[in-house]
Amino acid sequence: MTAAKSSKTVRNRGCAETAAAVRDGSLTAVECANAALEEIVERDGELGAFLEVFSDDVLEDARQIDLESHENRAALPLAGVPIALKDNICVAGHRTTAGSKILEPWTAPYSATVVDRLRAAGAIVVGKTNLDEFAMGSSTENSALGRTVNPHDLERVPGGSSGGSAAAVAANLVPGALGSDTGGSIRQPAAFCGLVGFKPTYGRVSRYGLIAFASSLDQIGPLTRNVDDAALLLEVISGFDRRDPTTVDGRHESWFPTNPANPQSLTLGVPANWFADGLAPAVQGALEELLGRLEAIGITLRPVDLPHERYSIATYYVVATAEASSNLARYDGVRYGLRVRHNDDPGDTEDPTLDHSDIDAMFAATRTAGFGPEVKRRILLGTYVLSAGFNDAHYGRAQRVRTLIRRDFAAAFELVDAIIGPTTPSTAFKLGEKRDDPLSMYLSDVFTVTANLAGLPAISVPCGSDEAGLPIGAQILAPPFAERTVLEVAKLIEESSDSGA
Ligand code: GLN
C-alpha cells in the first residue's frame, strides 16, 4: 500500500466518493476493505461498535470487485464501499444476535434482502454492529453483548438502538451503515453522533431478514456522514420484494445525487408542541437558529397543529410492546438459539434432542436466562395490553389513536411540504444516566415515534452542536413516499449548516 492510500486517507471518504474512486481505478476495493479493517482494529476496542467483523470474507469480497472488468465495475453504485450492518439484519452463515443472549448462538441460514442488494451494488459487508437487545432501547446499553460509546465523548451513549452502526460511521471506521428504526432507532443515534440517519416510508425497504421487533413500525435505513450518501444507500436497498408483502411495487426511484430544495417554493411546518418545555436549551437554540437561517433564504415557515401527537409515546409503547410480545414468542428454546432445560442448566445448544417430559420448564428456563430485563418488561407489557378483557381498552384504543395521529399529519401536509423539528429533546446523555429509569429513556423518543406510527419518511440531519461540542440533529418529515422532499430539504439544511458553521 502506498502512503497516499493509507487508511487515514481512505477513511474520510463517504460512500459515494469511495465508490467513484473504485470505479475510476484510483482506489481498489481491497485498499478500501483494508482501511476499514485497520481502523476497526485500531479504534473499536474503545468504541465497542462491532459485535463481529467478517475479517476473512471482507478481503475475498473486495478481491472479487477488483477482479471485475472495468465495465462491470463502472455499473456498481457502491463499488468497494465498506458497509456495517446492525446485528438484527441477517447475513447467511454469520451469527445474528440481535444483541441478545437468546440469539447469541444462532447462525442465520439466509441473508436479508437489503444485504443481497448491497452486495449486488458492489458494497463490502464488513461486519455486524451492537444494538439494544432486539432493538429495544435508546442508548445501546440494553445490549447483552457489550457496550458502545459515543465517538464524540467516550463517557456518553451513542444513542440507540442502532448505536453500534452510528458509532462506526461517526468514528470513520466505515463510510456507511444500516440500522433499523421502529420508534427512532436510526434518527436518534444519528442525532447523538452527528450523522444523517434516514427512516424511509413504511413499505419502502424490505424487512425480509430483519429480526422483527414491531412489524407494523420497523423499517431499515441508512446512517451516513452526508445526505448524498443516505440517498445513495437508500436507492440501493429500497424497492419491492416478493418476500416482504408490505413492500410497495412500482415506486422505485432514484435520489442520488440530491439537489437542494428550492427555498422559494418550499413551505415547512413547525409543530408548536415540539418547541415546548422539556427541550434542552442548546437544542432549542440550534433549531431556532436553523429556522432563522431557512427563513432568511426564502423558505416559508408555518405553524402546524398535531393535536394527537401528545399521545404518541403512550400509543407507541402499547403498539410496539404488543407486536413485540407476539414476535418474540418464537424464542422458546425449540428452534432458535439458546436452550436451557431447567433452572440449574447453564444452557446448551449442541444437543438437538428435547426432553418432552417438562417442556414448560424448558420454555420458562430458556426465556428467563435468555432475555434481558428491558425485553422482559416489554413482553409483559405487550402480553398485558393484548390479554382478553384488556385488548380493546389498550391495544384497540392505541390503534384508534394511531389513526388520529396519521390524520393529523395528512391534514398538516395539505398546508406544508414537510415538517421540521428537533430529533431529540437533548444531546447525548451520559452512560448510565437513564439506565435505571425506563420512563425517562422512553421519553427520549418523544419526537421520533410519530413518524413510525404514521408510516412517514423522516430524516435526522446535523444542525449544530451544544456548548460541549455534542451534535444536535434536526428532523424532517414528509408525506408517505415523499423521500425526495425529505432528502432535498435535508440537503438544503446540510448546505446552510456548512456555510453557517
Ligand atoms: N427507543 C425506542 C424503543 O425502545 C425505539 C427503538 C427502535 O426504533 N428500534 O422502542
Side-chain angles (χ1 to χ4, degrees), residues 85-89 98-100 129-144 148 157-166 177-193 197-200 202 205 207 210-223 312-325 327-328 371-382 385 398 402 423-426 428-429 433-435 437-460 473 475 477:
L85 300 175
K86 185 176 184 178
D87 199 19
N88 57 357
I89 298 174
S100 181
T129 57
N130 200 14
L131 68 158
D132 287 299
E133 185 174 2
F134 285 101
M136 298 175 186
S138 309
S139 66
T140 311
E141 292 167 297
N142 293 337
S143 171
T148 305
V157 303
S161 60
S162 315
S165 284
L178 296 187
S180 66
D181 191 313
T182 306
S185 280
I186 292 173
R187 290 160 286 155
Q188 186 256 21
F192 279 10
C193 290
F198 196 176
K199 182 205 90 73
Y202 186 79
V205 177
R207 291 173 294 113
L210 170 70
I211 305 285
F213 164 8
S215 309
S216 76
L217 303 164
D218 298 339
Q219 272 291 285
I220 296 173
L223 287 129
S312 62
I313 283 281
T315 307
Y316 170 81
Y317 276 95
V318 172
V319 173
T321 57
E323 293 183 15
S325 71
N327 274 325
L328 270 54
F371 290 134
E374 182 60 28
V375 174
K376 286 179 183 152
R377 181 180 296 122
R378 303 224 186 172
I379 292 173
L380 287 171
L381 268 171
V385 300
R402 187 175 181 182
T423 307
T424 56
S426 72
F429 43 88
E433 191 180 319
K434 295 184 196 267
R435 234 199 125 145
D437 184 356
L439 199 57
S440 114
M441 192 73 95
Y442 295 176
L443 287 172
S444 58
D445 304 322
V446 63
F447 303 125
T448 47
V449 295
T450 33
N452 303 75
L453 289 169
L456 308 174
I459 205 167
S460 180
Q475 190 181 198
L477 301 87

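Atoms within a ligand are numbered from 1 in the order they appear, just like the ligands themselves.
- Side-chain contact check for Thr129 and Ser165: at least one donor-acceptor pair (N or O, by modelled atom type) lies under 3.5 Å.
- In terms of modelled atom types and a separation under 3.5 Å, the side chain of Asp218 and the main chain of Thr182 share no donor-acceptor contact.
- The protein atom (non-hydrogen) at minimum distance from atom 2 (C) of ligand 1 is Asp445 OD2, 3.1 Å.
- Between the side chain of Glu374 and the main chain of Met136, no donor-acceptor pair closer than 3.5 Å is present.
- The option from Glu374, Met441, Arg378 that lies nearest to atom 4 (O) of ligand 1, judged by heavy atoms, is Arg378.
- Proximity to Asp181 (heavy-atom distance under 4.0 Å) selects the following atoms of ligand 1: 8 (O).
- No side-chain N or O of Thr424 forms a donor-acceptor pair with one of Gln188 less than 3.5 Å apart.
- Comparing Gly184, Ser185, Ser161 against atom 7 (C) of ligand 1, the shortest heavy-atom distance belongs to Ser185.
- For ligand 1, the atoms closer than 4.0 angstrom to any heavy atom of Phe213 are 9 (N), 10 (O).
- Between Phe371 and Phe134, the ring planes lie perpendicular to each other; the angle is over 60°, past the 30° to 60° tilted range.
- For ligand 1, the atoms sitting less than 4.0 Å from at least one non-hydrogen atom of Tyr317 are 2 (C), 3 (C), 4 (O), 10 (O), numbered in the order shown with element in parentheses.
- Thr140 places a side-chain N or O within 3.5 Å of a backbone atom of Gly163 that can act as its donor or acceptor partner.
- The distance from ligand 1 to the heavy atoms of Gly183 drops below 4.0 Å at these ligand atoms: 5 (C), 7 (C), 8 (O).
- For ligand 1, the atoms sitting less than 4.0 Å from at least one non-hydrogen atom of Gly137 are 1 (N), 2 (C), 3 (C), 4 (O), 6 (C), numbered in the order shown with element in parentheses.
- Near Tyr316, the atoms of ligand 1 lying under 4.0 angstrom from a non-hydrogen atom of the residue are 2 (C), 3 (C), 5 (C), 6 (C), 10 (O).
- Each of the atoms 4 (O) of ligand 1 lies under 4.0 Å from some heavy atom of Met136.
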Inset, instruction - Decide yes or no on side chain to side chain contact (heavy atoms under 4.5 Å, CB included) for Ser161 and Lys86, but give the supporting numbers first. - result: CA-CA 9 Å; Ser161 60; Lys86 185 176 184 178; 2.8 Å; yes
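- Counting atoms of ligand 1 from 1 in the listed order, those under 4.0 Å from a heavy atom of Ala135 are 6 (C), 7 (C), 9 (N).
- Proximity of a side-chain donor or acceptor of Glu141 to a complementary backbone N or O of Arg435 within less than 3.5 Å is not detected.
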